[in-house]
Amino acid sequence: MKGNGKYPDKILERSIDPATQTMLLQAEQKGIPTVWDRFEAMQPQCGFGELGLCCRNCNMGPCRISPFVGEGPKQGVCGATADIIVARNLLRMIAAGAAAHSDHGRDIAHTLLLTAQGKASGYTIKDEVKLKALAAEYGIETDNERPIAEIAEEVARAAYTQFGQQEGSLQFTRRAPAKRLALWQQLGIEPRGIDREIVEIMHRTHMGVDNDPVNLILQGLRAALADGWGGSMIATELSDVLFGTPQPKQALANLGVLKKDEVNLIVHGHEPTLSEMIVAASQDPELLALAAKYGAKGITVAGICCTGNEVLVRHGIPIAGNFLQQELALITGAVEAMVVDVQCIFPSLGAVAGCFHTKLISTSPKAKFPGATHIEFHEERALEIAKEIVRTAVENFRFRKPGQVNIPDEKTEGMVGFSVEAILKALGGSLNPLLDAVKSGAIKGITGVVGCNNPKIRHDYGHIGLVKELIRRDILVVTTGCNAIACAKAGLLKPEAAGLAGAGLKGVCQALGVPPVLHMGSCVDISRILVACAAIANTLGVDISDLPVAGAAPEWMSEKAVSIGAYVVASGIYTVLGTVPPVLGGPEVTKLLTQGAEQVVGAKFAVEADPFKAADLIEQHINHKRVELGLPVAELVAA
Ligand code: NFS
Ligand code: SF4
């Protein structure tokens with residue numbers, strides 16, 4: 001293999017990120033298999049699965065539908081057609097994704113409740129203004145005489161109620177423009193209780209219940225809306241109340257944030273309840289003294305995936321990498337402990353940690369892992385447990401083998417923490433400067449580029465390729481999740497990155513001192529993007545589907561991403577996916593998602609793996625919306 005002199009082609013094909021390339025070479029030299037090797041070993045992947053054509057929903061099966069014309073079975077044993085099977089499978093992905101986000105939201109509500117009752121250790125209410133605003137939305141008395149704890153308890157209970165609510169619609173859906181709400185009502189997809197919508201998916205997809213692909217997909221949209229405007233939004237809002245609403249700050253990204261001479265502790269997973277406390281515990285003087293005793297110069301906490309994003313946007317805690325880098329972080333040999341909670345955590349981590357002195361520590365009663373030490377986390381004793389975890393990491397520093405340590409150099413600075421509140425502040429308190437820039441065409445539109453990594457796509461290539469193309473075309477990018485981490489690593493979150501933008505966007509960014517790519521947080525924080533779109537649409541007196549905006553998930557992999565895609569489209573936002581969802585085996589379902597949905601919810605999906613072609617699709621869509629709004633349209637910027 002030729003390669004570039006430094007790395008063989010095989011490694012260059014796997015990732016565009018230099019730190020990842022360095023670590024992939026290390027992995028190979030040390031003989032440690034990674035996600036990419038397992039992906040290769042899995043080839044060819046099952047064609048029925050890829051097309052969504054297999055069903056195991058009852059024990060007359062498993063059934064699989066032949067995709068070949070005139071050959072093989074066209075119906076399952078029960079008579080289910082390809083479209084029915086594809087729709088049911090897609091719905092179950094949405095249910096799992098919506099459940100994951102929403103259960104995260106429920107856990108945050110639980111923490112808020114315990115904090116309000118004085119039963120949680122170490123947590124406080126950090127954003128009282130937001131708490132009161134939420135209380136007002138829920139119709140809770142916010143009289144100045146009322147103790148904050150009392151308001152917080154009622155808000156937590158009101159949020160709790162949203163999960164099991166049997167009647168009426170979710171409170172935060174009221175944030176959507178009136179036209180959007182009316183449309184959801186007319187279609188019968190206005191979400192009721194969050195749990196209810198998820199349960200209804202499981203019911204409808206049980207053998208012999210809902211066998212109409214369109215009716216099924218509509219329920220999928222409803223459950224997804226319960227995630228975006230329900231569970232995820234609750235997670236975001238209540239996290240802001242407890243941990244503070246993010247404000248712009250500088251921070252570092254990539255594996256180079258790990259320190260050779262310090263105790264390195266990685267937080268990986270999703271819920272800030274844990275990572276916030278680990279950050280607090282890592283500053284404990286006693287533990288710092290203990291670290292010094294073992295010869296460490298300090299304690300570095302760094303994040304992976306969205307729990308990393310949570311502490312990144314709130315405290316500027318460095319982020320070590322995105323989804324596909326989780327094993328590589330351990331292969332640096334410099335990690336004393338990786339602490340995980342829930343979601344996106346490879347079951348392979350224990351084996352990788354086992355090649356080094358590294359301890360993998362699981363903390364959630366919901367998520368245990370092979371090879372992990374379980375130190376269960378409870379909010380009631382949060383700080384104490386967090387200290388125990390940090391102490392475990394510190395104690396482990398002695399066992400680090402310097403000969404095994406190899407930390408790549410790369411770490412990139414960037415500006416993070418653009419909550420809607422922070423964006424408004426940067427704009428001087430009103431949306432108008434942004435809207436004026438959109439109206440004049442200086443900014444053509446806005447695109448949310450979000451989502452995971454997936455070894456089906458060269459790591460970070462889909463993300464960075466698309467984001468760079470969009471800003472070059474004067475399209476402002478807002479980002480969350482693993483895309484945001486990719487952008488941070490690639491330097492796109494520096495205000496200087498405005499130099500890569502088209503002249504219009506560049507001028508706006510330079511005037512405001514912000515980067516052309518705004519890091520808005522974790523994946524549940526895509527709810528912030530919904531809030532921003534609703535606010536823009538309400539200001540202009542139009543529906544979200546009228547706006548020159550789009551969504552994209554260039555390297556998505558998780559079921560959460562399926563739920564996100566569904567609620568984004570159901571909210572009226574055109575969405576381009578970089579990896580193909582398992583629906584192509586159902587022609588009717590595919591047509592509905594990529595064409596018919598436009599007439600139903602005013603938005604649809606497209607699938608395009610090539611980031612340049614995806615940028616073309618998005619620019620065309622944005623121009624089309626501009627024409628409809630009577631805004632000036634510049635000539636297409638060719639790829
Ligand atoms: Ni989102 Fe964030 Fe990353 Fe994908 Fe996983 S960490 S919650 S699911 S992989 S973007
Ligand atoms: Fe087969 Fe129908 Fe049972 Fe699915 S529900 S496994 S298609 S018989």
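Count residues from 1 along the sequence. Just so we're clear, the structure is a prediction, and the values are computed from it rather than from any experiment. Counting convention: from 1, in listed order, for ligands and their atoms alike.
A salt bridge is absent between D341 and K366; no separation between the charged side-chain nitrogens and carboxylate oxygens falls under 4.0 Å. Salt bridge status for E237 with R175: present, with a side-chain N to carboxylate O gap under 4.0 Å.
Of all atoms in ligand 1, listed by their number and element, those nearer than 4.0 Å to a heavy atom of C305 are 6 (S). Atoms of ligand 1 lying under 4.0 Å from at least one heavy atom of C523, given by number and element, are 1 (Ni), 2 (Fe), 7 (S), 10 (S). Atoms of ligand 2 lying under 4.0 Å from at least one heavy atom of V77, given by number and element, are 1 (Fe), 8 (S). In the vicinity of M557, heavy-atom distances shorter than 4.0 Å reach the ligand 1 atoms 9 (S). Against a heavy-atom cut-off of under 4.0 Å, F323 is close to the following atoms of ligand 1: 9 (S). Close approach to G451 involves these atoms of ligand 1, each under 4.0 Å from a residue heavy atom: 10 (S). Set against the non-hydrogen atoms of C452, the atoms of ligand 1 under 4.0 Å away are 4 (Fe), 8 (S), 9 (S), 10 (S). Counting the atoms of ligand 2 from 1 in the order shown, those under 4.0 Å from a heavy atom of M60 are 8 (S). Atom numbering of ligand 2 starts at 1 in the shown order; those under 4.0 Å from a heavy atom of G61 are 6 (S).
Only the side chain of S558 comes within 4.0 Å of ligand 1, counting heavy atoms alone; its backbone N, CA, C and O stay farther away. Contacts of R88 with ligand 2, taken as heavy-atom pairs under 4.0 Å, involve the side chain alone. The proximity of C344 to ligand 1, defined as any non-hydrogen pair under 4.0 Å, is limited to the side chain. Contacts between H270 and ligand 1, counted as non-hydrogen atom pairs separated by less than 4.0 Å, involve the side chain only.
When the heavy atoms of C55, C54, G76 are ranked by distance to atom 4 (Fe) of ligand 2, first place goes to C55.
Looking only at heavy atoms of the protein, atom 1 (Fe) of ligand 2 is closest to C63 SG, 2.2 Å. From the protein, the heavy atom lying nearest to atom 2 (Fe) of ligand 2 is C78 SG, 2.3 Å. Taking atom 3 (Fe) of ligand 1 as the reference point, the nearest protein heavy-atom neighbour is C482 SG, 2.3 Å.
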Let me see the working for Q325 and N254 under side-chain hydrogen bond (donor to acceptor under 3.5 Å, both in side chains), right down to the final yes or no. CA-CA 9 Å; Q325 289 176 283; N254 218 341; 3.0 Å; yes

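With hydrogens and angles ignored, the 3.5 Å screen pairs no side-chain donor or acceptor of S522 with any backbone N or O of N309. With T111 contributing its side chain and D107 its backbone, the two residues share a donor-acceptor pair below 3.5 Å.
Residue L170 comes nearest to G230 through the heavy atom pair CD1-CA, 4.0 Å, listed as atom of the first residue, atom of the second, then distance.
Note that CE of M415 is 10.0 Å distant from CG of L493, once rounded to the nearest 0.5 Å.
When each of V352, T332, L330, I266 is checked for a side-chain contact (heavy atoms from CB on, under 4.5 Å) with T358, only L330 meets the rule. Applying the side-chain contact (heavy atoms from CB on, under 4.5 Å) test between Y567 and each of L221, L530, V562 identifies L530 as the sole match.
C58 lies close to atom 3 (Fe) of ligand 2, since one of its N, O or S atoms is found at a distance under 2.8 Å. Not one N/O/S atom of C306, from backbone or side chain, sits under 2.8 Å from atom 4 (Fe) of ligand 1.
Residue contacts with ligand 2 leave out Q75, since none of its heavy atoms falls under 4.0 Å from the ligand.
For R106 and F163, the positive end sits near the middle of the six-membered ring, less than 6.0 Å away and at most 45° from its axis.
In this structure, H203 places its NE2 atom where only 12 or fewer heavy-atom neighbours from other residues, nucleotides or ligands lie under 6.0 Å away.
Residues F346 and F369 keep their aromatic ring centres 6.0 Å or farther apart.
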